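The first residue in the sequence is number 1, and the count goes up from there. If you're wondering where the values come from, they're calculated on a predicted model, not measured in any experiment.
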Amino acid sequence: MTMYQEYTLRDGTIKSIKVVEGRSIKGEMNLLGISERDILSIQLLDKNSLKKPK
């Protein structure tokens with residue numbers, strides 16, 4: 001099953017990235033261009049959860 005990290009940022013935007021074995025959370029944040037200060041919450045979701053309207 002494909003898993004994704006969904007980052008909700010303080011400005012209300014949501015960014016998602018596919019979880020890759022061996023990549024750290026710091027590495028994911030670097031790829032997304034965000035810092036720890038930008039993050040309001042982090043969720044681990046499967047591929048089907050990303051398609052559902054919130």
Side-chain angles (χ1 to χ4, degrees):
M1 179 176 6
T2 306
M3 300 298 288
Y4 291 84
Q5 288 275 25
E6 183 177 84
Y7 294 87
T8 303
L9 307 181
R10 290 179 183 234
D11 64 2
T13 60
I14 297 173
K15 294 191 176 191
S16 300
I17 190 167
K18 184 178 178 181
V19 174
V20 176
E21 187 176 338
R23 184 168 53 198
S24 67
I25 291 180
K26 292 279 188 186
E28 291 177 355
M29 292 186 334
N30 189 28
L31 286 172
L32 293 171
I34 59 176
S35 68
E36 288 183 38
R37 295 177 129 187
D38 299 327
I39 299 171
L40 183 62
S41 70
I42 303 172
Q43 292 182 324
L44 181 63
L45 303 170
D46 63 356
K47 187 175 182 179
N48 296 332
S49 297
L50 287 176
K51 295 179 182 178
K52 293 180 184 176
K54 297 180 180 175

Inset, instruction - Please examine the side chains of K18 and T2, heavy atoms only from C-beta on, and report whether any two atoms are closer than 4.5 Å. - result: yes
Inset, instruction - Measure the shortest side-chain to side-chain distance between Y7 and Q43 over non-hydrogen atoms and say whether it is less than 4.5 angstrom. - result: no
Inset, instruction - To the nearest 0.5 Å, tell me how far I39 CD1 sits from L32 CG. - result: 8.5 Å
Inset, instruction - Would you give the length of the straight line joining atom CD1 of I42 to atom CG of L45, rounded to the nearest 0.5 angstrom? - result: 11.5 Å
Legend entry - Exercise: identify the closest heavy-atom pair between L31 and R23: CD1-NH1, 3.0 Å
Inset, instruction - Kindly determine whether L9 and I34 satisfy side chain to side chain contact (heavy atoms under 4.5 Å, CB included), including the steps that lead there. - result: CA-CA 9 Å; L9 307 181; I34 59 176; 3.9 Å; yes
Inset, instruction - Taking all heavy atoms of E36 and all of M29, pick out the closest pair and write down the distance. - result: CG-CE, 3.6 Å
Legend entry - Nearest-0.5 Å distance that lies between atom OG in S41 and atom CZ in R10: 11.0 Å
Inset, instruction - Taking the side chain as every heavy atom from C-beta outward, state whether Y4 and I17 have any atom pair closer than 4.5 Å. - result: no
Legend entry - Over all atoms of both residues, closest heavy-atom pair of V19 and Q5: CG2-CG, 3.7 Å
Inset, instruction - Drop me the distance from I14's CD1 to T8's OG1, to the nearest 0.5 angstrom. - result: 4.5 Å
